[in-house]
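A quick write-up on the structure given underneath.
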Amino acid sequence: MRRTRILVAAFSLAAGLLAGTPPALATATSAPPLAADTYTWKNARIDGGGFVPGIVFNRTEKNLAYARTDIGGAYRWQQSTKTWTPLLDSVGWNEWGHTGVVSLASDPVQPDKVYAAVGTYTNSWDPTGGAVLRSADRGASWQKTDLPFKLGGNMPGRGMGERLAVDPNRNSVLYLGAPSGKGLWRSTDSGVTWSQVTSFPNPGNYRQDPSDTSGYASDNQGIVWVTFDESTGTSGNATKTLYVGVADKDNAVYRSTDAGATWTRLAGQPTGYLAHKGVLDAVNGYLYLAYSDTGGPYDGGKGRLLRYATATGTWTDISPVAEADTYYGFSGLSVDRQHPSTLMATAYSSWWPDTQLFRSTDSGATWTKAWDYTSYPNRANRYTMDVSSSPWLTFGANPSPPEQTPKLGWMTEALEIDPFDSARMMFGTGATVYGTEDLTKWDSGGQFSLKPMVRGLEETAVNDLAAPPSGGARLFSALGDIGGFRHTDLTSVPSMMYTSPAFTSTTSLDFAESNPDTVVRVGDLDSGPHIAFSTDNGANWFAGQDPSGVSGGGTVAAAADGSRFVWSPAGTGVRHTTGFGTSWAQSAGIPAGAIVESDRVDAKTFYGFKSGKFYVSTDGGATFTASSATGLPSGDSVRFKALPGAKGDVWLAGGAADGAYGLWHSTDGGASFTRLANVEQADTVGFGKAAPGASYQTLYTSAKIGGVRGIFRSTDKGASWTRINDDAHQWGWTGAAITGDPRVYGRVYVSTNGRGVVYGDVSGTGDTGGGEGGGTDPAPGPTGSCTVSYKITNQWADGFQADVTLANTGSSAWNGWSLAWSFADGQKVTQMWNAGYTQSGATVTVRNAGWNGTVAAGSSVAFGLTGSRSGTANTTPASFKLGDRTCTVA
């Protein structure tokens, strides 16, 4: 799905900084200034929800696969659970653009190594430059090399590739194709430093829309893929022949036969098309190319498939459909490495009636389709599809033939046959990853079975969140592209997104505080209503009536008792209504585009904010009066909420780095605000259940406090703050929405721009995500031989920091682990990252996080901690136990 969300952030680009260095810990001379708590973080399950433009299988290790997303990071396949593990949650606020992944490369020589080319936009929207991330532990940790240009994980052309490639014979050599006319780049030291390949003759020239002044559609899509011919090299020596795809319709493919020293345009190649993929079958000596007349991923009118014989230079058109009959481009392309004469391709831009998959078992001489017409409009499918694990993939549709639901998909630019298993194939769509484990039934006349293979991959962009105090719904979400969901159980995929109507994106939602069965949401829709209501806690919906001039959802507020609503839609001014929006009246005294919220006690009181001014209505939204409050942020990057249970108690967060920026509090209905001096910056604010013994609700914010960006909690009305996330859990930009849970103390729901809805619970509470607690701790970790390294990396008068590495020296993988030790000098753990912990007296028990529980034989896992101490001694623990097995101490 297409997402071009523009985020506001400070511009910071270190152009030309090519030497990568590992992240360094600052030397501490005193205790950390911020209080911290250890949280367990999970996703409210949706499973997918966005575009997956790339799937990469390692060619030398079975079951090692990665997926990349356009704005939501990268993932590694976990075969034991058949789930995806997120790899870029450590990307922080200031580098949110690095959650966009334009390419991935898995090292075929040293499979523990993986590389990611990151950056979301090449224009001014993205404040940082592109970078290449490199990992020696399959993405568990990363080192970074900044590049002197930007990369575009969410730009046009992002489904082409892969732009990043590792030499299969000399794996210290990598190539990267750059956009924006920056050419071809090479590293000879495993991605640490990069330099431009000045001999490469063509930086590309294709722009989706040269007239686009924003720079988004007018950027040169550049160098789009690199493919090595592994048969032209020997182990330890650079591969001699490699092919490069260029976004140039007249000169799309180049070759080097001297390890990248010189380059020539492939003679005889077709013109008028872009080569989205170039996949080499070195066994038979064929380079296969998937062509489209545009760069994708959502357009494409004509396409071709061609085969190039590398030995003779002969071109053969192997298109499964005559060019005149295509209304789509070809992109997804894969060779069965077990049977190299077998290949598959996709019609990536065939939106109607469905995408198409093509398969050939004779190197493209003949093809069969995933579905064919019998007698139009009836279809016969070579597949069955089971979406029971993600039932919303039907989109609640009831289409007429030849459309079916669920669809095979759209934007199908990634398709890969498992190089070790001819029966397994995965392909990405605009909403999910589908896969099969019986693909070869296709060739024997049977039906192969498709199902979502997406669990763990969460890729929605979150615009708003609301957690009601009662009712079956635990959480309402407003999402880009797929509207949003009502979660009754955070650990289960909801059966359907909001429908009747289904917005393309939901921009705002609210419930009546004293009557949570009444819910309202607004959103964007090409044609149709932009507002919907529910009277049964979001289980069912009905459309309201748009006032004249509405062009988008804007923001909406429900009265405390659900008797009326105030709506600030895009395209027209603020409106108010009693009942459910059958008619709307203009609100006076408040400008168009204002953000609106309701008081959570007084049903006739509503609030608004626009351009530094706070507005108050006490007559149900009919008239607003500008408050005399001053010192508020002058821009419109502001979010505010009224506290449940206290009339006139309002918290406001927002601002910009070049002006007022922070968190403000009003106890008089917005007549005056006081800025919290201990909060440097804040972008969201939300409320949750009060802490035990506290009378005021718990505050949550995505903010900068004490010089640190993070997710913070306050149980004392903002007098003090505790950071509850850590450096491994940052999720890029988290500024759209945050809310606590009114029923579970400590639980917080955090919006992300591409990693879905993240929620956190205090570690050790045992809550399962569906109720209010009462779960049990996981079983102790596995037995087996192990080695532990415990290293004190820093210490000060009353505290210390330590790094711990736990190595699996046994012969089988661990699927979950638990490590225990005892302190000798009364030390107490105060914070831990990359793991959860409990401490009873001197004994500390550490359990894996959700993403690092599987540790292969011969591999290791690392975590860190800070602790307190009361004396001068800080003895390193003498013994460590993995379950009931004592580990060797390194």
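The figures that follow rest on heavy atoms only: side chains count, while hydrogens, waters and symmetry mates do not. Given the structure is predicted, the values throughout are model-derived calculations rather than measurements.
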Under 6.0 Å between ring centres: does that hold for [X] and [Y]?
| X | Y | value |
| --- | --- | --- |
| Phe533 | Trp541 | no |
| Trp731 | Tyr759 | no |
| Tyr749 | Tyr700 | no |
| Phe565 | Trp584 | no |
| Tyr607 | Phe614 | yes |
| Phe624 | Phe606 | no |

Side chains of [X] and [Y]: does their closest heavy-atom pair fall under 4.5 Å?
| X | Y | value |
| --- | --- | --- |
| Trp664 | Leu632 | yes |
| Val52 | Glu413 | no |
| Val650 | Lys641 | no |
| Thr667 | Phe673 | no |
| Ile482 | Thr460 | yes |
| Pro469 | Phe511 | yes |
| Thr701 | Val679 | no |

For [X] and [Y], does a side-chain donor sit closer than 3.5 Å to a side-chain acceptor?
| X | Y | value |
| --- | --- | --- |
| Thr488 | Arg486 | no |
| Arg575 | Gln586 | yes |
| Tyr298 | Ser349 | no |
| Thr355 | Thr412 | yes |
| Thr294 | Asp299 | yes |

Search all heavy atoms of [X] against all heavy atoms of [Y] and return the closest pair with its distance.
| X | Y | value |
| --- | --- | --- |
| Val574 | Ser568 | CG2-OG, 3.7 Å |
| Leu663 | Ala653 | CD1-CB, 3.9 Å |
| Gly621 | Ser587 | O-OG, 2.6 Å |
| Ser672 | Ser666 | O-OG, 2.8 Å |
| Asp546 | Gly528 | OD2-O, 3.8 Å |
| Asp741 | Arg474 | OD2-NH2, 3.5 Å |

Which residue in the set [options] passes side-chain contact (heavy atoms from CB on, under 4.5 Å) when paired with [X]?
| X | options | value |
| --- | --- | --- |
| Thr684 | Ile738, Thr739, Ile711, Leu465 | Ile738 |
| Trp567 | Thr555, Val522, Val520, Thr572 | Val522 |
| Val101 | Leu151, Thr69, Val118 | Val118 |

Taking the six-membered ring of Trp93 (Phe, Tyr or Trp), confirm whether the NZ or CZ of Arg709 is under 6.0 Å from its centre and within 45° of its axis. yes
NZ or CZ of Arg521 within 45° of Phe476 ring axis and under 6.0 Å: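 Verdict for Phe476: no cation-pi partner in Arg521.
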Could you go through Phe640 and Trp651, starting from their C-alpha distance and side-chain angles, then the distance that decides it, and tell me whether this counts as ring pair (Phe, Tyr, Trp, His ring centres under 6.0 Å)? CA-CA 6 Å; Phe640 69 93; Trp651 292 80; over 10 Å; no
Could you walk me through whether Lys150 and Asp126 pass the salt bridge (charged side-chain N to carboxylate O under 4.0 Å, His left out) check? CA-CA 8 Å; Lys150 295 186 177 188; Asp126 196 329; 5.6 Å; no
Keeping the roles fixed (side chain from Asp212, backbone from Ala217), state whether a donor-acceptor pair exists under 3.5 Å. yes
Does the pair Asp510/Arg600 count as a salt bridge with the N-to-O cut at 4.0 Å? yes
Salt bridge (Lys or Arg N to Asp or Glu O under 4.0 Å) against [X], all qualifying residues, sequence neighbours excluded:
| X | value |
| --- | --- |
| Lys407 | Glu403 |
| Asp47 | Arg45 |
| Asp219 | none |

Criterion side-chain hydrogen bond (donor to acceptor under 3.5 Å, both in side chains) on Tyr327 and Ser350, from CA distance to verdict: CA-CA 7 Å; Tyr327 54 92; Ser350 178; 3.1 Å; yes
Please assess Tyr216 against Trp125 for the test ring pair (Phe, Tyr, Trp, His ring centres under 6.0 Å), listing each intermediate value before the final yes or no. CA-CA 9 Å; Tyr216 178 75; Trp125 301 341; 5.5 Å; yes
side-chain hydrogen bond (donor to acceptor under 3.5 Å, both in side chains) assessment of Ser617 paired with Asp619: CA-CA 6 Å; Ser617 171; Asp619 57 6; 2.8 Å; yes
